[in-house]
Chemist: 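First the structure, then my questions, so here it is.
In the text below, chain A, chain B and the rest are named by the order of the sequence lines, each starting its count at 1. The model shown is predicted, which means the values in this text are computed figures rather than measured ones.
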Number of protein chains: 2
Amino acid sequence: MIKNKKVSLADIAMTLGVSKTLVSMVLNGKGDENGISKKTQERVMELAESMNYKPNQFARGLRMGRSNTIGLIVSDISNPFYSRLARSVEDAVSESGYNLMICSSDESEEKEMKLLEMLINKQVDGIILSSTLDSTDHVESLQNENFPFVLIDRIYNDFEANTVVVDNRTGALEAVEFIINNGHKKIAALVISPAHISTQVDRLEGYKDALSKHSIPINQYYQKVVKREDIYNAVSQIFIEWKSDHMMPTAIFVTNNQLAIGCLEAIRDLGLSIPKDISIVSFDDIDLFKLYSPPITSVIQPINSIARNAVEILLDNIKIKDNSESLIKTHKCLQTNIVVRNSVLKLA
Amino acid sequence: MIKNKKVSLADIAMTLGVSKTLVSMVLNGKGDENGISKKTQERVMELAESMNYKPNQFARGLRMGRSNTIGLIVSDISNPFYSRLARSVEDAVSESGYNLMICSSDESEEKEMKLLEMLINKQVDGIILSSTLDSTDHVESLQNENFPFVLIDRIYNDFEANTVVVDNRTGALEAVEFIINNGHKKIAALVISPAHISTQVDRLEGYKDALSKHSIPINQYYQKVVKREDIYNAVSQIFIEWKSDHMMPTAIFVTNNQLAIGCLEAIRDLGLSIPKDISIVSFDDIDLFKLYSPPITSVIQPINSIARNAVEILLDNIKIKDNSESLIKTHKCLQTNIVVRNSVLKLA
DNA sequence: TTAAAATACTAAACCGTTTTAGAAATTTTT
DNA sequence: AAAAATTTCTAAAACGGTTTAGTATTTTAA
């Protein structure tokens, strides 16, 4: 089974009385193209098998400059959206014989830079990145070095790179339009910090699109950025403010699952009832939404598809780089779906 | 920033007119102990810094036989329990300068073996394993090779190894006792497959302990194993069976969060009401339980503490191995907490 | 004044692969 | 029968570090 992996190419070569070169070629499937006789090939393969030979990855990596590993950076692997994404990425890369290194950046720019450096240092063959950064310096230097990477989930408008995203703006538009079609006019949008992140920006745009489209005035007062460090209290504060101003919206659109959880808690603790007192629609479907009472209408992202596309593009890029052909940039924008449940009240 | 890392030790040595040996020593903090003059040390460090030297991990790993990476195998990183565990492990190892490789075994014995092999092949310095396997062959061979590893969450009774677990039996006992103290007598236990896993076994034992302690007869009919592939339907079937037999329990104890989710769905769809028709207590606290109506009483595992302990023990072991001292085995058993909410009816 | 010790450093081996450049033995061509 | 081509295989370099076993020079001790 798992043997004391001390068997090296040299050992095999020695016992067989052939050269390391030959053994290496055979085991890498290059026996035929190098004119190694069938018989010798067989002898090598058999012995390698029976000695349970496993090539030393360090030696291999050192020589070839590749690790067969790819890196994934997300903001927090314990967020269900990212953990499911990571799982899909894991499955996809392992199908192609790659390993995965998952890292959490914690929405910290500094940490993200460190992780990026670490992954490059570990010589990963490519990186899938959901970036927290506002600037593009770091990805630009990746680009300049011709390092394969793909941006997912969060992207930069003004920067050309491989990207796999969801059509956040349309997704949000549809969600808010759904609210509007139920007769609502006073609709608030809650965004999570840092608000510069493309998903948040786009979803907020989509919210505004929907209002505009239906000629509902856009009110700054109904657009709030919530600090992710203290969601529950921040949200509670917002509700209290609305209430005391006698400006309570009839519906809220929430752009993130963590934010939604905070909202549900706050709403409950303030004694409000969904959807009677307030309607809600959230981005990111999580188990909770399906089982909450009432079940929460939400925007579903095609997580598996995001992962598959990102991996495919990345592996393509790695291959292209190996052949030192010139890279092309691929953009993929996937559509979301809205799953209607019972969290939006139909107004007269 | 992230520079084209082509700078090697030799480059630094060359420009400074010293040997690679010296540079290596200085950069590894062994300058003093090897009597390198302060002045030279400074020159080396400065140049390394300014050239943005980053040691090649492959070369280093090849020579030293270590990767500064540890492996974590769980059944599924998208399960919130494991994703939170993974996150804590990530934080803990990175504080000690290690990197982490997270893998999902999917409750497949074959996959688990493959992952183990892969990690060993990648020369990780140690492994944290939440095993799916029934047999101990694989961990025995780790043991025999003196490979540092620690078993978490799921362990083997008949096998000596480093372990960090939770006191599942007592946790379950307390949970069921809480149900009993509310006047229940017809209490069922739902376990998830594969049922041989220690957590499931122990929690079921705890359930029986509680019944015995309070002189309630133990009835096989109320102990069900649910296939994890089709939880919702399996659970629904069980409820229907109980109903048609006129044997509906007044309370159920559920040993896993995924199972609980299936139960909540099934219970809702069968038109039953919690806790009026049926009371429920689950293991593993998840967001859903806090926000469900009614909020679900559950047993909380000290996830962060599990992770920290496991990492500490593992890193200790790695250190011990480096000094080729003889390994000692550490066992850690952490207590759970029960968080009482509103899912258990107080019977007259 | 010479031997021993301390200081400051280095050449070369080594880790285990892959790859380059070519060699030896056999077969084919002329 | 010599030249050319084919088949089968190999020695040695390279990847970039760490470590071992020294060496040369200066200082201290006897």
Side-chain angles (χ1 to χ4, degrees), chain A residues 3-45 47-48 51-68 120-123 125 322 324, chain B residues 3-45 47-48 51-68 120-123 125 322 324:
Chain A
K3 275 300 200 185
N4 212 329
K5 49 163 305 322
K6 281 276 169 59
V7 182
S8 76
L9 267 195
D11 297 331
I12 298 183
M14 183 85 50
T15 30
L16 241 39
V18 297
S19 70
K20 290 193 295 172
T21 312
L22 186 151
V23 177
S24 170
M25 284 166 166
V26 171
L27 294 180
N28 286 308
K30 295 179 181 167
D32 284 339
E33 75 189 65
N34 284 94
I36 311 300
S37 71
K38 286 281 174 228
K39 211 172 201 161
T40 311
Q41 291 200 40
E42 247 172 54
R43 287 201 306 149
V44 169
M45 309 241 266
L47 187 60
M51 289 177 95
N52 193 38
Y53 168 75
K54 293 280 149 50
N56 181 313
Q57 300 297 319
F58 289 142
R60 193 169 235 261
L62 175 58
R63 181 62 231 234
M64 311 216 295
R66 62 203 322 293
S67 59
N68 246 45
I120 298 213
N121 211 228
K122 282 243 167 215
Q123 322 253 57
D125 301 332
D322 282 349
S324 43
Chain B
K3 276 299 200 187
N4 212 329
K5 47 165 307 323
K6 281 276 168 61
V7 182
S8 75
L9 265 195
D11 297 331
I12 298 183
M14 182 85 48
T15 31
L16 241 40
V18 297
S19 69
K20 289 196 297 172
T21 311
L22 185 151
V23 178
S24 170
M25 283 166 166
V26 171
L27 294 179
N28 286 307
K30 296 181 182 166
D32 284 339
E33 75 190 64
N34 285 92
I36 312 299
S37 72
K38 284 282 174 227
K39 212 172 203 163
T40 310
Q41 291 201 41
E42 248 173 53
R43 287 202 306 148
V44 170
M45 310 242 265
L47 187 60
M51 290 176 94
N52 194 37
Y53 168 74
K54 293 281 150 51
N56 181 312
Q57 299 298 319
F58 290 143
R60 192 168 233 262
L62 176 58
R63 181 62 231 235
M64 311 214 296
R66 62 204 321 292
S67 59
N68 246 46
I120 298 214
N121 211 228
K122 281 244 167 214
Q123 323 252 57
D125 301 333
D322 282 350
S324 43

Chemist: Establish, from distance only, whether the side-chain atoms of A:Thr40 and A:Ser37 form a donor-acceptor pair under 3.5 Å.
Modeler: yes
Chemist: With a 4.0 Å heavy-atom cut-off, tell me which residues in residues 24-31 of chain A come close to DNA chain C, sorted by residue number.
Modeler: A:Ser24, A:Asn28, A:Lys30
Chemist: To the nearest Å, how far apart are B:Met64 CE and D:dG17 P?
Modeler: 12 Å
Chemist: Tell me, which pairs form a salt bridge (charged side-chain N to carboxylate O under 4.0 Å, His left out) where one or both residues lie in residues 20-33 of chain B, sequence neighbours left out?
Modeler: B:Asp32-B:Lys38
Chemist: Looking at CG of B:Asn121 and CG of A:Asn68, how far apart are the two atoms once the value is rounded to the nearest 0.5 Å?
Modeler: 10.5 Å
Chemist: A:Leu62 side chain: which of D:dG16, D:dG17, D:dT18 is closest?
Modeler: D:dG16
Chemist: So what is the end-to-end bend of the helix from C:dT1-D:dA30 to C:dT30-D:dA1, with 5 pairs used at each end and the value given to 10 degrees?
Modeler: 60°
Chemist: In whole angstroms, how far is the P atom of D:dC9 from the CG atom of A:Leu16?
Modeler: 10 Å
Chemist: Check whether any side-chain nitrogen or oxygen of B:Tyr53 sits under 4.0 Å from OP1 or OP2 of D:dG17, and answer yes or no.
Modeler: yes
Chemist: For B:Phe58 and D:dT18, give me the distance from atom CZ to atom P, rounded to whole Å.
Modeler: 15 Å
Chemist: Please report the interatomic distance CD(A:Gln41) to CG(A:Leu27), rounded to the nearest 0.5 Å.
Modeler: 9.5 Å
Chemist: D:dT18 phosphate, OP1 or OP2: any side-chain N/O from B:Arg60 under 4.0 angstrom?
Modeler: yes
Chemist: Can you identify which nucleotide, out of D:dG17, C:dT18, C:dG16, has its nearest atom closest to the B:Ser8 side chain?
Modeler: D:dG17
Chemist: May I ask you to decide if A:Ile36's main-chain N or O and A:Asn34's side chain share a donor-acceptor pair within less than 3.5 Å?
Modeler: no
Chemist: Can you give me the N/O atom pairs linking the protein to nucleotides 24-27 of chain D at distances under 3.5 Å, or say none if there are none?
Modeler:
none

Chemist: Of all the heavy-atom pairs spanning B:Phe58 and A:Lys122, show the shortest one and how long it is.
Modeler: CZ-O, 4.1 Å
Chemist: Mind checking the OG-CG spacing from B:Ser67 to B:Leu62? Nearest 0.5 Å is all I need.
Modeler: 12.5 Å
Chemist: Quick check for you: to the nearest 0.5 Å, what is the distance between B:Leu47 atom CG and B:Leu16 atom CG?
Modeler: 5.5 Å
Chemist: Using salt bridge (Lys or Arg N to Asp or Glu O under 4.0 Å) as the criterion, list what pairs up with A:Asp11, not counting sequence neighbours.
Modeler: none
Chemist: What integer distance in Å separates A:Asn56:CG from C:dC15:C1'?
Modeler: 8 Å
Chemist: Produce the list of close N/O pairs, under 3.5 Å, pairing protein atoms with atoms of nucleotides 4-6 of chain C; give distances to one decimal.
Modeler:
none

Chemist: Checking A:Asp322 now: which residues fulfil side chain to side chain donor-acceptor pair (under 3.5 Å) with it, not counting sequence neighbours?
Modeler: A:Arg66
Chemist: Check side-chain contact (heavy atoms from CB on, under 4.5 Å) between B:Arg60 and all other residues, then give those that pass, not counting sequence neighbours.
Modeler: B:Asn28, B:Pro55, B:Gln57, B:Met64
Chemist: Going by number, which of residues 32-40 of chain A have a non-hydrogen atom under 4.0 Å from DNA chain C?
Modeler: none
Chemist: Starting at atom CZ of A:Arg66, determine the distance to atom P of C:dT17, rounded to an integer number of angstrom.
Modeler: 17 Å
Chemist: Taking atom P of C:dG16 as reference, at what distance in whole Å does atom CG of B:Asn121 sit?
Modeler: 13 Å
Chemist: Not counting sequence neighbours, which residues clear salt bridge (Lys or Arg N to Asp or Glu O under 4.0 Å) with B:Lys39? List them please.
Modeler: none
Chemist: Over how many whole Å does the gap from A:Leu22 atom CG to C:dA24 atom P extend?
Modeler: 17 Å
Chemist: Restricting to side chain to side chain donor-acceptor pair (under 3.5 Å), what partner residues turn up for A:Ser19, sequence neighbours left out?
Modeler: none
Chemist: Quick one, A:Tyr53 with A:Val23, criterion side chain to side chain contact (heavy atoms under 4.5 Å, CB included). Give me CA distance, side-chain angles, the key distance, then yes/no.
Modeler: CA-CA 11 Å; A:Tyr53 168 75; A:Val23 177; over 6 Å; no
Chemist: Can you confirm whether A:Lys54 sits close enough to A:Val7 that some side-chain heavy atom of one is under 4.5 Å from a side-chain heavy atom of the other?
Modeler: no
Chemist: Write down the distance between CG (B:Leu9) and P (D:dA14), rounded to a whole number of angstrom.
Modeler: 18 Å
Chemist: Identify the pairs formed between an N or O of the protein and an N or O of nucleotides 11-13 of chain C at a distance under 3.5 Å, and give each distance.
Modeler:
from   : atom 1 : to      : atom 2 : distance (Å)
C:dA11 : N6     : B:Thr21 : OG1    : 2.7
C:dA12 : N6     : B:Thr21 : OG1    : 3.4

Chemist: Show your working on side chain to side chain contact (heavy atoms under 4.5 Å, CB included) between A:Gln123 and B:Asn56 and close with a plain yes or no.
Modeler: CA-CA 8 Å; A:Gln123 322 253 57; B:Asn56 181 312; 3.3 Å; yes
